[in-house]
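Got a structure for you, questions after.
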Amino acid sequence: MSNSLFSDRKHTWAFWLGCLAVTIGVVLHLPMYWMGRDMGFRLVGMPMDAGMLGGMALIVAGAALAGFGLLPRAAADDAQEVVIHPPEDAPLTRAHWMMCGLLALALIIDIMKPASLGFVVPGMRAEYGVSNALVAVLPFAALSGTVVGSFVWGWLADIYGRRASILLSSVLFVGTSICGAMPDFWWNVGMCFLMGAAAGGMLPVAYALLAEIMPTRHRGWSLVLVGGIGAVGGYFAASALSAWLQPDWGWRIMWFLNLPTGLILIALSPLLPESARFLMHVGRSAEAKATLARFGAHLSTTPVAAKTDHSHLPPVEKKFLGVTLALTLAALAWGLVNFGVLLWLPASLVSEGVSVQTASGIIARSALIAAPTVAISVWLYSAWSTRGSLALMLGVTALGLAGLTLRGLGVPWLHDPIAPLSLLVVGSSGVISILLPYTAENFPLRIRGRATGWIAGCSKLGGLIAQGLSVAGAAPPLAIAAAGVGLIMLVALGMLAIMGRETRGRDLRELDALG
């Protein structure tokens, strides 16, 4: 593993022993799950045994130990100003492609976590015997976690590093898989908050890392491609795995998937580099040189004072306020769709008499139709306009919402939800494919992690509003909700047209100079 991850041998051992403790803690919960195999994996009301309680203690201790292992070394005393040659037009290497593949896999796994919520709610409601209003507490807690995770992990990424923050999320993914063995509804709520924090934390950091490593001429299309694969792939993985596994293994299997997927990310971490720009920013120039050598770049250096000021918050600085407001509104609108309308949709279809398996299949087909959105978004973002492509995807999402509204009003040719649902998934997938890459290109290095984390967190706040209505028993019918969210989406589109700015082809060093 690259020496840019752990401070010394003590921290290396701490991390790997922490990962082992978390994994053992999860494995100790599996017997409880397997005990319910003859009852359709229903565990409600079963007492927790000593193994489960000991496993929880191991997970907490292991996560703390792994976090200690990821603490960064201090900035070097001989900090240097490092210039990359060729500056921003270096050709892509095998290392670039490998990093894109790893981050795409990480985002698929990351987005799959919250996307699974809509597919477990019907089974959870039936097993625990809770009302629609009470079961809405679960996605509410998960979304609260994603908001907290986005803000906190964005801050950690600007101080401790992009790679370490991604790895900490992976450790928490493993630990929160015990949600699948919880016999009590409220234990599930607590675990889902932690799972949401891990998922919300990884997303913005991955975009910041990718933006800082890719050369300018490749940065736009690679950001959107990786983000689009993550968005479409994550939602498709959740729906396809639900349709495949839930009939035989129950809804709880969707949570236990966190164990293998989290371990996969940890196992692949030696292949993921730290951001050389971040290493330069904190004065670790020797490590930055070694990292950039993997990408075929050359350096020149000049001694300077180490730049470690992290005192400013990105959304409130006057020079960034306009673009922050535009992106915040767009993020809120997307959150209302993805964590409101799309999370309500499976349960709405089930209430119409559609089986869980059929509903999952319909959404899986929509995700497949949305797959070409990635290629279209990549082309639009890199060859046409960054601001225009985001506005276009907001408009397509609004069209899908209009279709769901008309379906709710009884328009006959929209009885089959596949057409409006496809537009909705296409548009929302395009928005999230572009939104965070666009954000990462609008803020300088010193606040890029927190800025991207802010917008990622705001993208979940809309979902919190939607789920808060459900918890309060005030959620409107799907058609009315679609109409209201569609109106907000159009307002977001207008704000972006007025306050957004074009970033295509811009050198990131222009932003760093502004910082």
Point to revise | Shortest non-hydrogen contact from Gln246 toward Val120 | key: NE2-N, 4.3 Å
Practice item. Without swapping roles, check the side chain of Arg450 against the backbone of Gly154 for a donor-acceptor pair under 3.5 Å. Key: no
Study note, to complete from the structure: CZ (Arg42) and OH (Tyr128) are apart, to the nearest 0.5 Å, by 10.0 Å
Practice item. Say whether, by atom type as modelled, one donor and one acceptor occur between the side chain of Arg163 and the main chain of Ser269 under 3.5 angstrom. Key: yes
Review point. Does Phe256 have any ring-ring contact (aromatic ring centres under 6.0 Å, His included) partners at least two apart in sequence or in another chain, and if so, which?
Key: Tyr33
Point to revise | Distance (rounded to the nearest 0.5 Å) between Leu401 CG and Leu406 CG | key: 11.0 Å
Review point. Do Leu103 and Leu272 come close enough that some side-chain heavy atom pair is under 4.5 Å?
Key: yes
**Study point:** Neighbour count >12 (heavy atoms, 6.0 Å) for atom CH2, Trp244
**Key:** no
Point to revise | Side chain Ser169, main chain Ala198, donor-acceptor under 3.5 Å | key: yes
Point to revise | Any donor-acceptor pair under 3.5 Å from Ser170 side chain to Ile266 backbone | key: no
**Study point:** Between CE on residue Met98 and CG on residue Leu268, distance to nearest 0.5 Å
**Key:** 10.0 Å
Exercise for review: Scan side-chain atoms only and decide if Thr328 and Trp454 contain a donor-acceptor pair under the 3.5 Å cut-off.
Suggested key: yes
Review point. Is there a side-chain contact between Met182 and Met32, using heavy atoms and a 4.5 Å cut-off?
Key: no
Review point. With side chains defined as the heavy atoms from C-beta onward, is the minimum distance between Leu245 and Leu257 less than 4.5 Å?
Key: yes
Exercise for review: Of all the heavy-atom pairs spanning Met254 and Ser116, show the shortest one and how long it is.
Suggested key: CE-OG, 3.7 Å
Review point. Is there a side-chain contact between Val396 and Leu423 (heavy atoms, below 4.5 Å)?
Key: yes
Review point. Are the side chain of Arg125 and the backbone of Pro122 linked by a donor-acceptor contact shorter than 3.5 Å?
Key: no
Check your understanding: Are side-chain heavy atoms of Val130 and Val137 found at a separation under 4.5 Å?
Key -> no
Point to revise | Main-chain N/O of Val205 paired with Trp153 side-chain donor or acceptor, under 3.5 Å | key: no
Review point. Should Phe151 and Val147 count as side-chain neighbours, where that means a heavy-atom distance under 4.5 Å?
Key: yes
Review point. Which pair of heavy atoms, one from Ser222 and one from Met214, lies closest together, and at what distance?
Key: OG-CG, 3.5 Å
**Study point:** Steps toward side-chain contact (heavy atoms from CB on, under 4.5 Å) verdict (Leu263, Val174)
**Key:** CA-CA 7 Å; Leu263 290 176; Val174 175; 4.1 Å; yes
Review point. Do Glu441 side-chain atoms and Ala211 backbone N/O form a donor-acceptor pair below 3.5 Å?
Key: no
Check your understanding: By ring-ring contact (aromatic ring centres under 6.0 Å, His included), which residues pair with Trp379, not counting sequence neighbours?
Key -> none
Practice item. Report yes or no: does Ser177 contribute a side-chain atom to a donor-acceptor pair with the main-chain N or O of Phe173 at less than 3.5 Å? Key: no
Review point. How close do Arg162 and Ala157 get, heavy atom to heavy atom, and via which atoms?
Key: NH1-O, 2.7 Å
Review point. Above 12 or not: heavy atoms from other molecules or residues under 6.0 Å from CE of Met39?
Key: yes
**Study point:** Within-4.5 Å side-chain heavy-atom neighbours: Leu65 and Phe15
**Key:** no
Exercise for review: Provide the closest heavy-atom pair for Met489 versus Leu394 in the form atom of the first, atom of the second, distance.
Suggested key: SD-CD2, 3.1 Å
Exercise for review: Working to the nearest 0.5 Å, report the span between SG of Cys100 and CG of Leu210.
Suggested key: 5.0 Å
Point to revise | Audit row: Leu172, Leu194, side-chain contact (heavy atoms from CB on, under 4.5 Å) steps and yes/no | key: CA-CA 8 Å; Leu172 293 185; Leu194 296 176; over 6 Å; no
Check your understanding: Under 3.5 Å, side chain of Thr452 to main-chain N/O of Pro204, donor-acceptor pair present?
Key -> no
Check your understanding: Heavy-atom distance under 4.5 Å between the side chains of Cys179 and Met195, does that happen here?
Key -> no
Point to revise | Evaluation steps, side-chain contact (heavy atoms from CB on, under 4.5 Å), between Leu107 and Val226 | key: CA-CA 8 Å; Leu107 290 181; Val226 170; 3.8 Å; yes
**Study point:** From Thr386 atom OG1 to Arg219 atom CZ, the distance as rounded to the nearest 0.5 Å
**Key:** 9.5 Å
Practice item. Look up atom CZ in Arg387 and atom OH in Tyr438, then write down how far apart they are to the nearest 0.5 Å. Key: 6.5 Å
Practice item. Ignoring hydrogens and angles, tell me if any N or O in the side chain of Trp334 forms a donor-acceptor pair with the backbone of Ser428 under 3.5 Å. Key: yes
Review point. If you take all heavy atoms of Leu390 and Val431, which pair is closest and at what distance?
Key: CD1-O, 4.0 Å
Review point. Which is it for Leu105 and Ile264 under the side-chain contact (heavy atoms from CB on, under 4.5 Å) test, yes or no, and what are the steps along the way?
Key: CA-CA 10 Å; Leu105 176 63; Ile264 287 171; 4.1 Å; yes
